[in-house]
Student: 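Sharing a structure below in structure tokens format, with a few things to ask.
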Protein chains: 2
Amino acid sequence: MSKNAEADQVPIRSPLTRDDSVNLDIIELLFFAYRDFTSDPDQILADDGFGRAHHRVLHFVNRMPGLNVAELLEVLQITKQSLARVLKQLIDSGHIVQLHGLRDRRQRELYPTAKGRALILALASPQSRRIRAALEEAGVAERSVIERFLKAMVNPELRTQIDNLPGAASVNHRGEQEHG
Amino acid sequence: MSKNAEADQVPIRSPLTRDDSVNLDIIELLFFAYRDFTSDPDQILADDGFGRAHHRVLHFVNRMPGLNVAELLEVLQITKQSLARVLKQLIDSGHIVQLHGLRDRRQRELYPTAKGRALILALASPQSRRIRAALEEAGVAERSVIERFLKAMVNPELRTQIDNLPGAASVNHRGEQEHG
DNA sequence: CGGAATATGTCAGCCATATTGACTTATATT
DNA sequence: AATATAAGTCAATATGGCTGACATATTCCG
């Protein structure tokens, strides 16, 4: 019953192209671009026995020092059980430290150490270089074009996450305004 | 000992911003954009008990019908063992069929069925819609700007993969734009 | 022809990252 | 004092990767 018993197992020989009403070029380019983009830091991370999950945690802790666990989970959109192992390793390795919240001692504020700051800079470096090279190579005069496009790709209800990042690109959309 | 015993477990309180010599905006936007971009098809895939790995296989088989297993592995940059389970399920479910190669009967040429073609279109639809909306919302007049940038993000030695795709965007670098 | 190389498939085990659900501990709120 | 909240933890499960080893069919080559 797992097999499909229908008669029409006929192979379709025509390639799906961009003219088939869907936007395959960019779909595909996003796949390739993101794959190679994320491959840069992998070697560096492997030296510490880390993976991409560690990278993301480290990134946002560096970006918003002092954020608590709930806020981090909100940004990453994962569960606390998923975060647990990764965060524990980053703390054990001395890349991140936890402090009790001042207002609320139940909360744990997460901060990078000098080691954690150094690592995220090392990880960002090749990615940044790749982006700079791509902008130049593609002849993109205004970086904001790319920023606006990428931001517009994000689910509207999650864009506040981006806006809340310190010094984040305050890229305006057309006709969209944030709500307090 | 696994713990870092150094004295400098001092929390760094200054956020890392774009001015810290690295290109954090776009790094971050790529993370958010890709996350939401890939989330679109997940619901549809789940209906068939599939995941993103199935999506990628289905995509490239639809894009280049008749490609063989080795070629597919080359494009996806994974091992045959990783591909095996996913491909088997897509064949069992009647989304993909295999034919013996004509020149070389050892090879298996992979083709989508009508069912497979229908599914990839269903998966591409929300992604395509998202891209179209983002281009408009960001006020991107020339789609080729985005295409050039994304392509330039790909490792040079892998760009031939993109160029070999049928009807792929023949995006020139260095701003020499031409459209279909 | 016969042996080597190749394309594919498969078995087994491992790892990383995610999930859900249930429960504990410390602290805050009412 | 009771309840709610923030965080941590244990257990089980799924997905999608990986390596290594080996089987089978087919092609290539001497």
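Here is the naming used below: chain letters follow the sequence lines, and residue numbers restart at 1 for every chain.
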Student: Determine the contact category for B:Gln89: base if any of its heavy atoms lies under 4.0 Å from a base atom, sugar-phosphate if only primed atoms, P, OP1 or OP2 are that close, otherwise nothing.
Tutor: nothing
Student: Quick check: on DNA chain C, is the nucleotide nearest A:Gln77 upstream (toward 5') of the one nearest A:Gly101, or the reverse? Name the residue that is more 5'.
Tutor: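 Looking at DNA chain C, the more 5' nearest nucleotide goes with A:Gln77.
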Student: Please indicate whether A:Glu157 has more than 12 foreign heavy atoms, meaning atoms of other residues, nucleotides or ligands, lying under 6.0 Å from its CD.
Tutor: yes
Student: Taking CG from A:Leu90 and C1' from C:dA16, how many angstroms apart are they, rounded to a whole number?
Tutor: 14 Å
Student: Looking at B:Asp40 and B:Arg129, is there a salt bridge between them, counting it only when a charged N and a carboxylate O are closer than 4.0 Å?
Tutor: no
Student: Side chain of A:Gln81: nearest nucleotide among D:dC18, D:dC10, D:dG16?
Tutor: D:dC10
Student: With a 4.0 Å cut-off, would you call A:Glu147 and A:Lys151 a salt bridge?
Tutor: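 Salt bridge absent between A:Glu147 and A:Lys151.
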Student: Taking A:Ser93's backbone N and O only, do any of them form a donor-acceptor pair with A:Lys115's side chain (distance below 3.5 Å, no angle check)?
Tutor: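 Yes; at least one donor-acceptor contact below 3.5 Å.
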Student: From CZ of B:Arg85 over to P of D:dT19, roughly how many Å is that when rounded to an integer?
Tutor: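 Rounded to whole Å, this separation is 17 Å.
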Student: Nearest whole angstrom, please: distance from the P of C:dT8 to the CD of B:Glu74.
Tutor: 13 Å
Student: When you check every protein heavy atom under 4.0 Å of nucleotides 3-8 of chain D, what one-letter string (B, S, -) results, 5' to 3'?
Tutor: -BBSBB
Student: Look at the side-chain N and O atoms of A:Ser82 and state whether any lies under 4.0 Å from the OP1 or OP2 oxygen of C:dT17.
Tutor: no
Student: Heavy-atom contacts under 4.0 Å between residues 39-57 of chain B and DNA chain D, which residues?
Tutor: B:Gly51, B:Arg52, B:Ala53, B:His54, B:Arg56
Student: Can you list the other members of the hydrophobic cluster that holds B:Leu102, where links are side-chain heavy atoms under 4.5 angstrom apart?
Tutor: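 None, because no other hydrophobic side chain comes under 4.5 Å of this residue.
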Student: If you compare every side-chain N and O of A:Arg105 against the phosphate oxygens of C:dA28 (OP1, OP2), does one of them come in below 4.0 Å?
Tutor: no
Student: Using whole Å, what does the distance between atom C1' of nucleotide C:dA26 and atom CG of A:Leu99 come to?
Tutor: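 Those two atoms, CG and C1', are 17 Å apart.
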Student: To the nearest angstrom, how far is A:Phe31 atom CZ from D:dG16 atom P?
Tutor: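 Going from A:Phe31 (CZ) to D:dG16 (P), I get 13 Å.
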Student: Taking the basic N atoms (NZ, or NE/NH1/NH2) and the acidic carboxylate oxygens, is any pair closer than 4.0 Å for A:Lys88 and A:Asp92?
Tutor: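 Looking at A:Asp92 together with A:Lys88, the answer is yes, because their closest N to O distance falls below 4.0 Å.
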Student: Taking NZ, NE, NH1 and NH2 as the nitrogens, is one of them in B:Glu28 or B:Arg35 under 4.0 Å from a carboxylate oxygen of the other?
Tutor: no
Student: Quick check on the 6.0 Å ring-centre criterion: do B:Phe37 and B:Phe31 meet it?
Tutor: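 Between B:Phe31 and B:Phe37, which both carry aromatic rings, the centre distance is not below 6.0 Å.
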Student: Taking for each residue the nucleotide of DNA chain C bearing the nearest heavy atom, is the 5' side occupied by A:Thr79 or by A:Leu102?
Tutor: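 Result of the comparison: A:Thr79.
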Student: Determine, for A:Lys80 against A:Glu74, whether the closest basic-nitrogen to carboxylate-oxygen distance falls under 4.0 angstrom.
Tutor: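 Looking at A:Lys80 and A:Glu74, the cut-off is not met.
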